[in-house]
*Asks:* 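Got a structure here, written out as C-alpha cells. Questions coming.
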Amino acid sequence: MPLYDIQPLKIYNSLSGKKEVFEPLNEGHVGMYVCGPTVYSNVHLGNCRTFMSFDMIFRYLRHLGYKVRYVRNITDAGHLVDDADDGEDKIAKRARLEQLEPMEVVQRYTVDFHNILEKFNFLPPSIEPTATGHIIEQMEIIKDILQKGYGYEVNGSVYFDVVKFNETFQYGKLSGRKLEDMIANTRELTAQDEKKSPQDFALWKKAEPQHIMRWPSPWGDGFPGWHLECTAMSTKYLGETFDIHGGGMDLKFPHHECEIAQAEASFGHSPVRYWMHANMLTMNGKKMAKSTGNNILPGEIFTGENNILSKPFSPSVVRFFMMQAHYTSILDLSNDALLASEKGFHRLMEALDTLEVLETGRKSDFDLEPWKRQCYEAMNDDFNTPVLIANLFEAVKRINLIKEGKESISQSDKLELTQTLNAFVFEVLGLEQQKEGNGASNKLSGVVELLIALRDEARANKDFPTSDKIRDQLAILGIQLKDGKEGTTFSVS
RNA sequence: GGCAUCGUGGCCGAGUGGCUAGGCAAGGCUCUGCAAAAGCUUGUACAGCGGUUCGAAUCCGCUCGAUGCCUCCA
C-alpha cells in the first residue's frame, strides 16, 4: 500500500483560500507545473526560495509514493519590458546591452540557474520546457481564443478581451479582484494604446523592425505575449486540467489570473485544481531589489563575497534556513538568522553522525510511533517544514541522551529511527551532510586522532598547559575537540 | 490612492478560541583539571485601543507599522 493512502495530505489552495484534502486527478499520479525563471540575469535568491519550496513539495509527494510529473519552464522568449515601451522584450534588451545574441544570453543564464540549483541540491524537474520551443503551441491557443471570440487582432498584435471574457467567466477570482474595481482604478489609457481596455493583455505582439526575437505568424512577424507560454506548456505536458500549479506570490496577479482566463476561454473550464503560492523573501526586513542595493546573489552567500553577511554560508545551511519557515510566510534573511540556522543545522547533522555509532540496548525509551506520526502530520498539514524540523530536534535530543547513557534504544528502533530521519532530512528536506570523506580528510582525521592521543597522555600526567595548547591550537584551525564519556571526538567547521 | 497578506519573547520562526512549538542567544545546574560539547532547567511573548465570549495571541472593528500586488518580476 502506498504511503499516500495512509497519509492524508492537505494543501492550502490559493483559489479557495482554504486548506483542502489533496486528491489527484489520476490516482497515484500528480501533475505539477511551476512558473520558472526568466533567464535574462543571474537567478536571484528570492527566486530560489520559491523553487526550493516546490522542490520540497515535489520531494514529499514522491516520498508519499506519488508518481509526479513536475514541469518547470524556462522563460527564454522574454516578457515585455513595459506596455508603453517599444515592444522590446527583456531578453532582447539585455542582448543588445551586452552585444550578444539573445539565445546566448539565454544560454548563459540558464547555465547559471542550473548551477545554483545544483548547489542547493535541487532535484531536476521531469520536464523543463522553454517558451521558444513552444511557439507553435502558443499560436494554436491564440487561434483558438480568437475563434471563440475572446481575442481581437489590432495592427499585427492580438489581445485578450478581458471585458468580453468577464461576461461569461470571472476575471480576478484568484487574486480576489473585481473587474469593475480595476477599471475604476486604472490610470488613463495612453492615446496610442491599441487595447480596447487597459485590463486586456497581449497574446501576440507585433515585432518592430529592430526587434531581434521574432517569429512569423498569421498576424505577421512577432512574439508571444506574456502569459501564454505557461498555458501552452502546462496543457501540452499535463493536460487541460492538472493537479498543482505553483509559483511566487507576485505571479498571482496578473500572470496566473491571465493563465486562468486563457485556459477558460480556450477549453471552457478551469485548468488547475490546486493553486499554490510561495511567499516572498526579504532581507533585513526590506524587499530585495537590485535598485536599492538590498540584494544578494546565491553565489555571493556561498563564497562570502558580499558586504551584507559576516561569513560565507553553505547551500545546505541556506536551505535549512529556508525550510525553517513555512513556504506561505514571508521570510526575512539576515546575518543573525543565518548564523542561528547554521548552528542548528550542525547540531542536527552531528546527531545523525552520533546515531550511526550509537550502542543499542535491550529496550527503547524512545517511543518512535507517536514521534513519527507527528513528523508526517506536520508535512501533511500543507507541508509544514518548520514543525517537522521541531520534531527532528526532538529526535536529536533523544539521540544525545542515549549517547550519554541516560536512555537506551533497541536495535530495531535504531534502524527505524535512522531510516525515518534519513527520509525526512535528506530525501524530503533535501539537506546534505557536509561532505568530507576523501583521502585528504582521512589523513586529517588520522592526524587529529594522534593529537587527541597525545592530549590524553598529557592530561593523564596533569600536564594541562600541553593539553590545553593542543585543544586551543586545533580550535584556531577550526577543529573542535569534544570530550565525552566514551572518549574524545572532533568536528571540523 | 485601491486590493491583499502580515505584525508573536533578545533574534529567527510555528501555532490560531482554553493544553510545551522549535532553533539561536541569555541565566542556573550536571559532567569536566578548566573549558568546550552534551544533558537538565529558567524566561511566562503574541503591535496599540475597543468589542464578542465563561475564556482571545487566536474572532470582529478601528489605529499604527511592515510586506506584496495594482507595470516585467519568484
Side-chain angles (χ1 to χ4, degrees), chain A residues 17 34-38 40-41 43-54 75 78-85 89-90 93 172 175-178 181-182 184-187 198-199 226 246-255 257 277-282 285-289 320-321 324-326 328-345 347-348 350-351 354 374 378 381 384-394 396-401 403-407 459 462-464 467-468 471-472 475 480-485 488-491:
Chain A
V34 171
C35 294
T38 303
Y40 69 103
S41 64
V43 63
H44 98 254
L45 238 205
N47 222 330
C48 292
R49 151 120 121 138
T50 296
F51 299 138
M52 195 182 287
S53 297
F54 288 102
T75 296
H79 291 163
L80 290 176
V81 169
D82 187 320
D83 227 353
D85 207 333
D89 76 31
K90 270 185 177 171
K93 187 166 193 168
S175 52
R177 285 158 213 249
K178 288 197 170 61
D181 297 348
M182 287 164 62
N185 278 324
T186 37
R187 296 154 243 178
Q199 279 66 42
W226 330 342
M249 203 68 134
D250 49 351
L251 292 184
K252 212 171 179 180
F253 186 90
H255 184 60
E257 206 70 74
H277 289 96
N279 218 139
M280 302 291 107
L281 180 74
T282 56
K286 298 245 166 57
K287 165 187 182 167
M288 291 181 79
F320 182 73
F321 162 72
Q324 274 185 301
H326 189 82
T328 56
S329 297
I330 292 173
L331 173 64
D332 187 50
L333 179 115
S334 65
N335 195 239
D336 285 351
L338 280 175
L339 246 19
S341 284
E342 184 174 53
K343 288 197 180 164
F345 174 71
R347 201 155 82 86
L348 176 62
E350 281 179 24
T354 304
Q374 286 178 320
D381 184 16
N384 199 326
T385 51
V387 170
L388 169 68
I389 289 172
N391 283 312
L392 297 182
F393 275 105
E394 172 63 24
V396 168
K397 191 165 154 182
R398 308 304 287 262
I399 288 167
N400 285 325
L401 278 169
K403 183 186 79 176
E404 297 253 312
K406 289 178 179 159
E407 289 192 358
R459 291 174 73 199
K462 299 211 187 302
D463 178 8
F464 298 123
S467 69
D468 288 353
R471 180 221 284 159
D472 298 341
Q480 188 193 26
L481 298 187
K482 290 184 269 196
D483 297 331
K485 287 253 188 307
T488 303
T489 56
F490 71 97
S491 67

*Asks:* Heavy atoms only, 4.0 Å cut-off, all strands: where does Leu348(A) land among base, sugar-phosphate and nothing?
*Replies:*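 Counting heavy atoms under 4.0 Å across all strands, no contact is made by Leu348(A).
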
*Asks:* I want to verify a distance call: between A74(B), A14(B), A21(B), whose nearest atom is closest to the Ala390(A) side chain?
*Replies:*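 Of A74(B), A14(B), A21(B), A21(B) is nearest to the side chain of Ala390(A).
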
*Asks:* At 4.0 Å (heavy atoms only), tell me whether Asn391(A) reaches a base, stays on the sugar-phosphate, or touches nothing.
*Replies:*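 Contact class for Asn391(A): none.
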
*Asks:* Taking only N and O in the side chain of Asn384(A), is any of them less than 4.0 Å away from OP1 or OP2 of G15(B)?
*Replies:*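 For G15(B), OP1 or OP2 has a side-chain N or O of Asn384(A) closer than 4.0 Å.
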
*Asks:* Please check if atom NZ in Lys482(A) has more than 12 non-hydrogen atoms from other residues, nucleotides or ligands closer than 6.0 Å.
*Replies:*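 Check passes, neighbour count above 12.
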
*Asks:* Mind checking whether Met280(A) and Met288(A) have side chains closer than 4.5 Å, heavy atoms only?
*Replies:*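 A side-chain contact under 4.5 Å is absent here.
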
*Asks:* Counting C-beta onward and ignoring hydrogens, is there a side-chain heavy-atom pair between Pro37(A) and Asn47(A) closer than 4.5 Å?
*Replies:*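 Yes - at least one pair of side-chain heavy atoms lies under 4.5 Å apart.
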
*Asks:* Going by atom types only, do Thr385(A) and Gln324(A) share a side-chain donor-acceptor pair under 3.5 Å?
*Replies:*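 No.
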
*Asks:* Rounded to whole angstroms, how far apart are NZ on Lys397(A) and P on G22(B)?
*Replies:*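 It works out to 8 Å between those atoms.
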
*Asks:* Under 4.0 angstrom, heavy atoms only, what part of the nucleic acid is Asp483(A) near: base, sugar-phosphate, or nothing?
*Replies:*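 Base contact.
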
*Asks:* Roughly how many Å is it from NE2 in His277(A) to P in C6(B), rounded to a whole number?
*Replies:*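 Those two atoms, NE2 and P, are 15 Å apart.
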
*Asks:* For nucleotides A45(B) and A26(B), find the distance between their C1' atoms and express it as a whole number of Å.
*Replies:*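 About 16 Å, rounded to a whole number of Å.
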
*Asks:* Within the 3.5 Å criterion, strictly below it, is a donor on Ser329(A) or Asn279(A) matched to an acceptor on the partner's side chain?
*Replies:*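 No - no donor-acceptor pair under 3.5 Å links their side chains.
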
*Asks:* Distance check needed: C12(B) P versus Phe321(A) CZ, whole Å only.
*Replies:*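 My rounded result for the distance is 10 Å.
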
*Asks:* Distance between the P atoms of A74(B) and A4(B), in whole angstroms?
*Replies:*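 Nearest-Å result for A74(B) against A4(B) at atom P: 25 Å.
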
*Asks:* Identify whether any heavy atom of Ala325(A) sits under 4.0 Å from a base atom; if not, whether one sits that close to sugar-phosphate; answer base, sugar-phosphate or nothing.
*Replies:*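 Sugar-phosphate only.
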
*Asks:* Write down the distance between NZ (Lys287(A)) and C1' (C6(B)), rounded to a whole number of angstrom.
*Replies:*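 It works out to 17 Å between those atoms.
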
*Asks:* Could you tell me whether the phosphate oxygens of A14(B), OP1 or OP2, come under 4.0 Å of any side-chain nitrogen or oxygen in Ser329(A)?
*Replies:*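 Answer yes for this pair, as a side-chain N or O of Ser329(A) is under 4.0 Å from OP1 or OP2.
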
*Asks:* Taking the side chain of Leu401(A) as its heavy atoms from C-beta onward, which of G33(B), A38(B), C40(B) lies nearest to it?
*Replies:*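 So the nucleotide nearest the side chain must be C40(B).
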
*Asks:* Report the distance from atom CG of Asp332(A) to atom C1' of G10(B), rounded to the nearest whole Å.
*Replies:*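 Those two atoms, CG and C1', are 16 Å apart.
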
*Asks:* What's the gap between A57(B) and C31(B) when it is taken at their C1' atoms, as a whole Å value?
*Replies:*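 Comparing C1' positions in A57(B) and C31(B) gives a spacing of 39 Å.
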
*Asks:* Could you check whether any side-chain heavy atom of Leu333(A) comes within less than 4.5 Å of a side-chain heavy atom of Thr282(A), counting everything from C-beta outward?
*Replies:*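 No, their side chains stay 4.5 Å or more apart.
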
*Asks:* Sticking with atom P, work out how far G51(B) lies from U58(B), rounded to a whole angstrom.
*Replies:*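 Looking at atom P only, G51(B) and U58(B) are 14 Å apart.
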
*Asks:* Taking the side chain as every heavy atom from C-beta outward, state whether Arg459(A) and Asp483(A) have any pair of such atoms under 4.5 Å apart.
*Replies:*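 Arg459(A) vs Asp483(A): side chains touch.
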
*Asks:* To the side chain of Phe393(A), which of G2(B), G23(B), A37(B) is closest?
*Replies:*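 Selected nucleotide (nearest to the side chain): G23(B).
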
*Asks:* Among A74(B), G39(B), U67(B), find the nucleotide with the atom closest to the side chain of Leu251(A).
*Replies:*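 When the side chain of Leu251(A) is considered, A74(B) is the closest of A74(B), G39(B), U67(B).
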
*Asks:* Can you tell me the base-pairing partner of A38(B)? Count Watson-Crick or G-U wobble geometry only, both distances below 3.5 Å, and say none if there is no partner.
*Replies:*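 With both distances under 3.5 Å, A38(B) matches U30(B).
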
*Asks:* Mind checking who C49(B) pairs with, Watson-Crick or G-U wobble, both distances under 3.5 Å?
*Replies:*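 Check on C49(B): paired to G61(B), both distances under 3.5 Å.
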
*Asks:* Using only heavy-atom distances, decide whether a donor-acceptor pair under 3.5 angstrom links the side-chain of Asn279(A) to the base of G68(B).
*Replies:*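 Side chain to base: no pair present.
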
*Asks:* Have a look at Lys462(A) and say if it touches a base, only the backbone sugar-phosphate, or nothing, with a 4.0 Å heavy-atom cut-off.
*Replies:*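 Lys462(A): no heavy atom of the nucleic acid under 4.0 Å.
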
*Asks:* From CD of Glu404(A) over to C1' of A37(B), roughly how many Å is that when rounded to an integer?
*Replies:*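 Interatomic distance, CD of Glu404(A) to C1' of A37(B): 9 Å.
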
*Asks:* With a non-hydrogen cut-off below 4.0 angstrom, is His44(A) in contact with a base, only sugar-phosphate, or nothing?
*Replies:*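 Here His44(A) touches the bases of the nucleic acid.
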
*Asks:* Nearest-Å distance, CD (Gln374(A)) to P (G22(B))?
*Replies:*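 Whole-Å distance recorded here is 11 Å.
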
*Asks:* Between Ser467(A) and Gly344(A), who's closer to the 5' end of RNA chain B by nearest nucleotide?
*Replies:*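 Result of the comparison: Gly344(A).
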
*Asks:* Are OP1 or OP2 of A25(B) and a side-chain N or O of Lys343(A) less than 4.0 angstrom apart?
*Replies:*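 Answer is yes, contact under 4.0 Å.
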
*Asks:* With heavy atoms under 4.0 Å as the rule, sort Lys178(A) into base, sugar-phosphate or nothing.
*Replies:*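 Nothing: the residue Lys178(A), judged by heavy atoms under 4.0 Å, touches no strand.
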
*Asks:* Using atom P of each nucleotide, how far apart are C49(B) and G15(B) to the nearest Å?
*Replies:*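 My reading of the P atoms in C49(B) and G15(B) gives 25 Å.
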
*Asks:* Taking 5.5 Å and 30° as the limits, would you call Phe464(A) and the base of G33(B) a stacked pair?
*Replies:*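 A stacking contact exists, since Phe464(A) sits close and nearly parallel to the base ring of G33(B).
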
*Asks:* If you measure from the C1' atom in A25(B) to the same atom in G9(B), how many Å do you get, rounded?
*Replies:*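 My reading of the C1' atoms in A25(B) and G9(B) gives 12 Å.
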
*Asks:* For the pair Glu407(A) and Arg398(A), find out whether any cationic side-chain nitrogen is under 4.0 Å from an anionic carboxylate oxygen.
*Replies:*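 Result for this pair is yes, salt bridge flagged.
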
*Asks:* Determine the contact category for Arg471(A): base if any of its heavy atoms lies under 4.0 Å from a base atom, sugar-phosphate if only primed atoms, P, OP1 or OP2 are that close, otherwise nothing.
*Replies:*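 Touches a base.
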
*Asks:* Asn400(A) side chain N/O closer than 4.0 Å to the phosphate oxygens (OP1, OP2) of A38(B)?
*Replies:*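 So the side chain of Asn400(A) is outside the cut-off, no N or O lying under 4.0 Å from OP1 or OP2 of A38(B).
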
*Asks:* Met249(A) or Glu394(A): which one's nearest nucleotide on RNA chain B is closer to the 5' end?
*Replies:*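 Between the two, 5'-proximity favours Glu394(A).
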
*Asks:* Nearest of C24(B), A14(B), C12(B) to any side-chain atom of Arg347(A)?
*Replies:*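 Closest nucleotide among those given: C24(B).
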
*Asks:* If I take atom CD in residue Glu350(A) and atom P in nucleotide A36(B), what distance separates them, rounded to the nearest angstrom?
*Replies:*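 Rounded to the whole Å, the gap is 16 Å.
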
*Asks:* Which is true for Gly46(A) with a 4.0 Å heavy-atom rule: it touches a base, it touches only sugar-phosphate, or it touches nothing?
*Replies:*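 Base contact - Gly46(A) has a heavy atom under 4.0 Å of at least one base atom.
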
*Asks:* Are His277(A) and Thr50(A) close enough that some pair of their side-chain heavy atoms sits under 4.5 Å apart?
*Replies:*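 Side chain of His277(A) against side chain of Thr50(A), heavy atoms only: no contact under 4.5 Å found.
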
*Asks:* For the side chain of Thr38(A), counting heavy atoms from C-beta on, which of A74(B), U67(B), G39(B) is nearest?
*Replies:*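 Shortest atom-to-atom distance from the side chain points to A74(B).
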
*Asks:* Hunt down the Watson-Crick or G-U wobble partner of C69(B), both distances under 3.5 Å, from any strand shown, or write none.
*Replies:*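 Per the H-bond distance test, G2(B).
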
*Asks:* Over all strands shown, is Leu481(A) touching base, sugar-phosphate only, or nothing at heavy-atom distances under 4.0 angstrom?
*Replies:*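 It contacts base atoms.
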
*Asks:* Closest approach to the side chain of Pro254(A), judged atom by atom: which nucleotide of C12(B), A74(B), C70(B) is it?
*Replies:*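 That would be C70(B).
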
*Asks:* Could you let me know what G9(B) is paired to, Watson-Crick or G-U wobble, both distances under 3.5 Å, or none if it's on its own?
*Replies:*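 WC or wobble partner does not exist here.
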
*Asks:* Looking at G17(B), which nucleotide sits across from it as a Watson-Crick or G-U wobble partner, both distances under 3.5 angstrom, or is there none?
*Replies:*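 WC or wobble partner does not exist here.
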
*Asks:* Taking C46(B) as the reference, what is the distance to A56(B) when you measure between their P atoms (whole Å, please)?
*Replies:*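 Per the computed distance, 14 Å lies between those P atoms.
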
*Asks:* How far, in whole Å, is C59(B) from C19(B) if one measures between their P atoms?
*Replies:*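 Approximately 15 Å lies between the P atom of C19(B) and that of C59(B).
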
